[in-house]
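Below, chain A is the first sequence line, B the second, and so on; all start at residue 1. Note: hydrogens, waters and symmetry copies are ignored here, and every other heavy atom, side chains too, is used.
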Protein chains: 2
Amino acid sequence: MVTIRDIAERAAVSVSTASRALNNNPRISRETRLRIQSIATEMGYQPNYNAKTLTNGEANAVGVIFPPGDMSTAANPFFVDLLMGINTQLRLRNAVLSVAIANTTEELTKNVLALISQSLIHHFILLYSKANDPVVELLKSQGVQYVLVGDPTQDNERYVNNNNRLAGAKALEYLNRHFNSRHVLFVESEMEQGFEKQRRLGFESAAQQLGVKRELLKLPDKAMQHLDQAVAQYLDNRRDIDGIMTTDDLIGMMVYQLTRQQLNRQVPLISFNKSQSNILIGDQVRFVELYPQHMGEAAVRVLFSETKQFEMLPFTIEKV
Amino acid sequence: MVTIRDIAERAAVSVSTASRALNNNPRISRETRLRIQSIATEMGYQPNYNAKTLTNGEANAVGVIFPPGDMSTAANPFFVDLLMGINTQLRLRNAVLSVAIANTTEELTKNVLALISQSLIHHFILLYSKANDPVVELLKSQGVQYVLVGDPTQDNERYVNNNNRLAGAKALEYLNRHFNSRHVLFVESEMEQGFEKQRRLGFESAAQQLGVKRELLKLPDKAMQHLDQAVAQYLDNRRDIDGIMTTDDLIGMMVYQLTRQQLNRQVPLISFNKSQSNILIGDQVRFVELYPQHMGEAAVRVLFSETKQFEMLPFTIEKV
DNA sequence: CTGTTAGCGCCTTCAG
DNA sequence: CTGAAGGCGCTAACAG
């Protein structure tokens, strides 16, 4: 392991000069700074983060907090993309990604506390939001920075998000304009997630505005048997439905197939969050691309920005 | 922040005694050890990992390496469960989870190298396997420990896995025994993943043994348009298929729906890896539960075991 | 069984 | 603009 000391020796300067040069301290002459830096790269110098953290009192790591298991969403594939985006930005900043994940909120809280007090992590990205979350309270009481990915529940909370409401509206407009849908079914889960609600609100207002007849279906809990038959029956009673919006691609897959078989025709469908393994392909299928990877990147940007309070990310409507 | 020094003072012992007591060093009298430990908890002492790492030369963090983006699988939901399992074990050991994830193998390699040389991480869990992987070579050349989750490609590699071959065989037997299937279709993706191959081999040998007629379908790339129609057509020509096995739950969802509509009857289906949002429910649907969370836990156990070379995890066949 | 001392790698006063 | 010295929190010889 090549240390700052080795570099100092080789450059015939003191350790402190080497340190300053490597940290771009302006009090070092441009000349020696460059010289030392080139020596460093030449020698393959890699700073020891633990030593740095020890002196700084602050880690170069960012903690990513997953939703507790008991509120795990169907949005799972989303997370891996998010991680990818977060980490590309972190790598640029020579930072490292740590994860907090647990089955219960209680365990999760402990986990986060450990990261704060044992690893000295002062920056977090929160991948879920719920009211009165002990984890959020912990973050606040410990005075660490955090950015939420999702719908903010508190005032003054930093976050990145999609404009889910707008997306819901645009999605309906799309169905209406491109497929001439006049009677649209909106399908959501029973989880009452913030983003689903927003999408529904957007859907409803746009439907009203366009004079499109609307229908709402909340998918009952998975525990329920024969969900598909229930849905099929539901559809059977509404044979004039000519457009569907689902809050999630996986729900979309099922509903689409059922519709086709139940109404015996292809009904235009638009969903959110294309899952990587979507196998629905057809002229009538669209999805709202939310660019999870970009959300991850944005989260890091907001986290390390002094000023930025939030970032609202664009979405697009795509053919599958 | 309460340090070991504070504890030493309060206990009227030297720092080293405090350190030893907290680390359960046997050279300390049971009495003072307990006394010091109780003082520590009382004062809410949390050891500073960075300082520890600095002295030990070895981090208390484990790096989890995700597959590079260009080989991202449909098994996505799997990963979150894995993380959950890994982290429960890590928390027990007061260890921390760091992530390496990137779009390209090259970036990923850099990422891992950074974790090794900058954070001094010496323990890794690898979530994918492929031949001649530069990341594996790096791990080996750097002399760090790692455990693979999946099919080992090298001799002497430590890993945890399911017995996918056996699972494939058992799954077929199940179809045959419980649904009396005599002509079974096996559906896999085109990715040629190790686990798919193993499941297929198991399927084939069992089919042969039981005298079950077998059919193989490899789903073409997603790029292909109208995949569903292609599959439907395929099914249409094989109307006597009376059982289906798919390597993945998401594929299963589609095939099941298509089958129903194309063959106009419910064909018993068995798949792997129930996705959290599976909405297929029915008497005829089964899946092979692989317990990803347990796999994660096992990976940590193997990683920190001196002796264990691998762990083969059980699976069960479940109703949805 | 316990205390003293030194040092892990780095940064940051404080002096020049 | 650069050096010397001290210390971040902890562990590990080396002494007793």
- Item | Protein-nucleotide distance (A/Q118, atom CD; D/dG9, atom P), rounded to Å | 15 Å
- With B/T109 via side chain to side chain donor-acceptor pair (under 3.5 Å) - residues at least two apart: none
- Query: Does the side chain of A/H122 come under 3.5 Å of the side chain of A/Q142 through a donor N or O and an acceptor N or O?
  - Reply: no
- Starting at atom CD of B/E9, determine the distance to atom P of D/dC10, rounded to an integer number of angstrom. 13 Å
- Message: Salt bridge check, A/E137 against A/K140: does any charged N sit closer than 4.0 Å to a carboxylate O?
- Response: no
- Message: Mind checking if B/N23 touches a base, just sugar-phosphate, or nothing, with heavy atoms under 4.0 Å?
- Response: sugar-phosphate
- Tell me: CD1 of A/I36 to C1' of D/dG3, nearest whole Å? 12 Å
- Measure from CG on A/L54 to P on D/dT11 and round the result to the nearest Å. 12 Å
- Item | Any B/F310 side-chain heavy atom under 4.5 Å of B/V160 side chain | no
- Item | Note, A/F78 side chain near A/L83 side chain (heavy atom, < 4.5 Å) | no
- Task: Rounded off to whole Å, could you give me the CZ-to-C1' distance for the A/R5 and D/dG3 pair?
- Result: 13 Å
- Query: With sugar-phosphate meaning primed atoms plus P, OP1 and OP2, does A/V15 contact a base, only sugar-phosphate, or nothing at under 4.0 Å between heavy atoms?
  - Reply: nothing
- Task: For A/T53, report the nucleic acid contact type (base, sugar-phosphate, nothing); a contact means any heavy atom under 4.0 Å.
- Result: nothing
- Task: Examine D/dC1: is either OP1 or OP2 under 4.0 Å from a nitrogen or oxygen in the side chain of A/T17? Give yes or no.
- Result: no
- Task: Using the closest heavy atom to pick a nucleotide of DNA chain C for each, name whichever of B/R27 or B/N56 lands nearer the 5' end.
- Result: B/R27
- Query: OP1 or OP2 of D/dT11 sitting under 4.0 Å from any side-chain N/O of B/K52?
  - Reply: yes
- Query: What nucleic acid atoms does B/Y45 come within less than 4.0 Å of, heavy atoms only: base, sugar-phosphate, or nothing?
  - Reply: sugar-phosphate
- Item | Below 4.0 Å: OP1/OP2 of D/dT2 and any side-chain N or O of A/S16 | no
- For A/M1 and A/R20, take the nucleotide of DNA chain C holding the closest heavy atom to each; which residue's nucleotide lies nearer the 5' end? A/M1
- Message: Do A/L120 and B/M1 have side chains that approach each other closer than 4.5 Å (heavy atoms only, starting at C-beta)?
- Response: yes
- Message: Under 4.0 Å between a side-chain nitrogen and a carboxylate oxygen: does that hold for A/R10 and A/E42?
- Response: yes
- Task: Would you grab the first and last nucleotide of DNA chain C (5' to 3') that comes under 4.0 Å of any non-hydrogen atom in chain A?
- Result: C/dG9 to C/dC14
